[in-house]
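The block underneath contains the structure these notes are about, expressed in structure tokens.
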Amino acid sequence: MFKIVAKREMAERTVCEFKIEAPDIARKAEPGQFVVIRANETGERIPLTMAGTDPGAGTINIIFQVVGKTTALLRSFGEGDEIMDIIGPLGVPTHVEKLGTVICVGGGTGVAVMYPITKAYKEAGNHVIAIIGARTKDLLILEEEMKAASHDLRVTTDDGSYGHHGFVTDVLKQILDDRNDVELVVGIGPVPMMKFLCKMTKEYDVKTVVSLNPIMVDATGMCGACRVSVGGRTRFCCVDGPEFDGHQVDFDELVKRQRAYLTEEKISMDQFMGGIPE
Amino acid sequence: MAEKEAKGKREKVPRQEMTEQKPEDRVRNFDEVPFGYTPEQAGLEAGRCLQCKKPKCIDGCPVEIDIPSFIQLIYDGDFIGSARKLKEQNSLPAICGRVCPQEDQCEKVCILGKKDEPVAVGRLERFAADWERAQGEVEIPLKDPPTGKRIAVVGSGPAGLTVAGDLIKKGHEVTIFEALHKTGGVLVYGIPEFRLPKAIVQAEVDYLAKIGVEINVDYVIGSIRTVDELFKEGYGAVFLGLGAGLPLFMGIPGENFCGVYSANEYLTRSNLMKAYLFPEYDTPIARGKNVVVLGAGNVSMDSARTALRLGAEKVRIVYRRSRVEMPARIEEIQRAEEEGVEFHLLTIPVRFLGDDNGWVTGMECIRMELGEPDESGRRRPIPIKGSEFIIDCDLVVVAIGAGANPLLPTTTSGLELNKRGYIVADQETGKTAKKGVWAGGDIVTGSATVILAMGAGRKAANSIHDYLMSGQKNWP
């Protein structure tokens, strides 16, 4: 059992942050890695990326958006509650090195995944430009943290309620037009965003890394649920990823595989909401 | 003389069948298929044993159970005594009685079997173990005095459970590290409830916990801790019983369509995550109406029979060789056939077909013929040119075998791996190339049986004990 020591509601109460006691994981986790969570005895195993760790305090932070039954259930947990299983750290850590100028682009809850990675690139001596975006101002997360983790933070909202009116990729395009010293773009967010971003950086011939979030079960390379096509080869996101060369990823296949259980997800969610009137 | 006399008398009793659920009933539930012997049946079957002076069955058993003795105890009506006799050599008799391929082991060499059907050793083993569990009289064994030595067992499948059980009884401190959230390895994620009820596995694990084994689930060794860190933390020996946790795929176009599962994923969803109870349990599983299972081993039969129980109207096993080469146990093939699974032999898919949503809709297949024997000694299947045809289906389970999961081997320095990625370990002792590290089960041999993994665990446990008690000097 893993105890929740702090809870923070973010972004219109659809995004939530837990600080969880998990000393062994906190000691080992590196940026880019993730954990698998099973909330209770009847729960499913879902991968969630760590937004930070505190090895001294023995805690890990996870940020998640309520998208289905499991995340809705998790959000109903409060401080002092316990999560039945947390397995990690899993996946290959982000390969961080000093490259020069690095642009870190985070969309939606992808910003949570991006935060420790951004920090790591800055600490490695890179000039880090961060671009974060959300549909609307209230859904924007980790602005202050991202500001501190980068040298230059740009913010966008789809509806123009805050920052640049438009998409993260608009701002990215401007920067790529303005400067020719960008060595790497890291893009993490909804699949359509990552797909569009990769199409753009390919035109500029800038190396691009994305972090993928397919459906997983065991997440230790045992089941193959998370297979993704990268450069025409099947890879297991859980052990070969979650980060891949964005220019090689088959995003269309990823989207289809992510939608494999939409019907069942709706049944689960309806049942859950029926049980907890709000 | 007595033996001869007994033989004459006993031959009149036919091999006792277990009553079981009818095929038409059992395909609608996940309950175990056979009900097991009644005490009367067990007594009759035990009476068939010749109690040979030079029995062959013991040599036929990978863990050398004293088979005539445990059967005699059943015959004498001492069922608890029989279970304890079994446990002298086999810590998991309720499991082995169900999933061992006895027809290739003890029953194959049974002397009675030369003229008549062999004694049903597996069914008797199951009976004695079930009896003991049902009576709640599981004996707590006497442990040797504490040695102060600590052993880490990585993986809680049949090999790991055996090592843990053996070493705790020798007075050592044993800690199991399991990557999944539940102990049992393939016994819980792989083998379905209808073949091995999970309560039986849980009882075995509870027993180990009761006699002092510390069990940590959710621990991915290689990630949360390395093997070297385990040594630093004071473990004197590490046993790796990781299993062959890497699903193999065909490597043909369309394999990533939704609805194409590895057997590992399909069975893990159903067994470990209890997706067959969705939405009571949260994990979903695709319920295909028209299912194809690729491959013809035990895992294929398990997958096919699971698909039927999940509501499939048609389940076909597609296999590239012919019937005689099918690796599954005959009993499993028979049960699958009884339940209505169809077999399409000498057939191999060359690509999967799918719809616009990315769901599988069929497979293009090609027919095969058998040529000369290959390196496995089986006749090599050769594609017949121009024989392509389409099989429609809405769900595919790829059950063509497993490879070595690289997560731990690649994060552990000093291990020697073979060209297929399996850990090289001494056959007699389980010692690996790395000092203080043993390995056994599927991560050494590739996919094999529960009992062989247990046999490897037994040998490793003995070797670990000798090493720890002799000053941890000798290596290899």
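Heavy atoms only: backbone and side chains are in, while hydrogens, waters and symmetry mates are out.
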Worksheet item: So which part of B/Ile224 gets closer than 4.5 Å to some heavy atom of chain A, the side chain, the backbone, both or neither?
Response: both

Discussion item. Which atoms of A/Ile267 are under 4.5 Å from chain B, going by heavy atoms: the side chain, the backbone, both sets, or neither?
Written reply: side chain

Fill in: Engaged part of B/Val398 at the chain A interface, taking heavy atoms whose separation is under 4.5 Å
neither

Discussion item. For A/Ile86, which atoms come within 4.5 Å of any heavy atom of chain B: side chain, backbone, both, or neither?
Written reply: backbone

Taking atom types as modelled, which donor-acceptor pairs link chain B and chain A at under 3.5 angstrom?
from: B/His181; atom 1: ND1; to: A/Arg45; atom 2: NH1; distance (Å): 2.8
from: B/Tyr219; atom 1: OH; to: A/Asp24; atom 2: OD2; distance (Å): 2.2
from: B/Ser223; atom 1: OG; to: A/Pro89; atom 2: O; distance (Å): 2.2
from: B/Glu229; atom 1: OE1; to: A/Lys28; atom 2: NZ; distance (Å): 2.8
from: B/Glu229; atom 1: OE2; to: A/Lys28; atom 2: NZ; distance (Å): 3.2
from: B/Glu255; atom 1: O; to: A/Arg227; atom 2: NH2; distance (Å): 2.7
from: B/Asn256; atom 1: O; to: A/Arg257; atom 2: NH1; distance (Å): 2.8
from: B/Asn256; atom 1: OD1; to: A/Arg227; atom 2: NE; distance (Å): 2.8
from: B/Asn256; atom 1: ND2; to: A/Ser229; atom 2: OG; distance (Å): 3.2
from: B/Asn256; atom 1: ND2; to: A/Thr234; atom 2: OG1; distance (Å): 3.2
from: B/Asn256; atom 1: ND2; to: A/Glu253; atom 2: OE2; distance (Å): 3.2
from: B/Val260; atom 1: O; to: A/Arg227; atom 2: NH2; distance (Å): 2.8
from: B/Tyr261; atom 1: OH; to: A/Tyr261; atom 2: OH; distance (Å): 2.6
from: B/Ser262; atom 1: OG; to: A/Cys223; atom 2: O; distance (Å): 2.6
from: B/Asn264; atom 1: ND2; to: A/Met222; atom 2: O; distance (Å): 2.7
from: B/Arg269; atom 1: NE; to: A/Tyr261; atom 2: OH; distance (Å): 3.4
from: B/Asp282; atom 1: N; to: A/Thr42; atom 2: O; distance (Å): 2.9
from: B/Asp282; atom 1: OD1; to: A/Lys69; atom 2: NZ; distance (Å): 2.8
from: B/Asp356; atom 1: O; to: A/Lys256; atom 2: NZ; distance (Å): 3.3
from: B/Asn405; atom 1: ND2; to: A/Thr220; atom 2: O; distance (Å): 2.8

Discussion item. Heavy-atom cut-off 4.5 Å, strictly under: side chain, backbone, both or neither for B/Leu267 against chain A?
Written reply: neither

Worksheet item: What part of A/Ile215 lies closer than 4.5 angstrom to a heavy atom of chain B: side chain, backbone, both or neither?
Response: side chain

Practice prompt. Identify which of A/Ala260, A/Gly68, A/Ala29, A/Ala219 forms the greatest number of heavy-atom pairs closer than 4.5 Å to chain B.
Written response: A/Ala260

Response to the item:
Which of B/Leu246, B/Leu407, B/Leu180 passes side chain to side chain contact (heavy atoms under 4.5 Å, CB included) with A/Met222? It is B/Leu180

Item to complete: Report the option among A/Val217, A/Leu90, A/Ile46, A/Val36 that has the most heavy-atom pairs separated by less than 4.5 Å from atoms of chain B.
Response: A/Val217

Worksheet item: If you count heavy-atom pairs under 4.5 Å between each of A/Gly88, A/Gly221, A/Ala39, A/Gly224 and chain B, which one has the most?
Response: A/Gly221

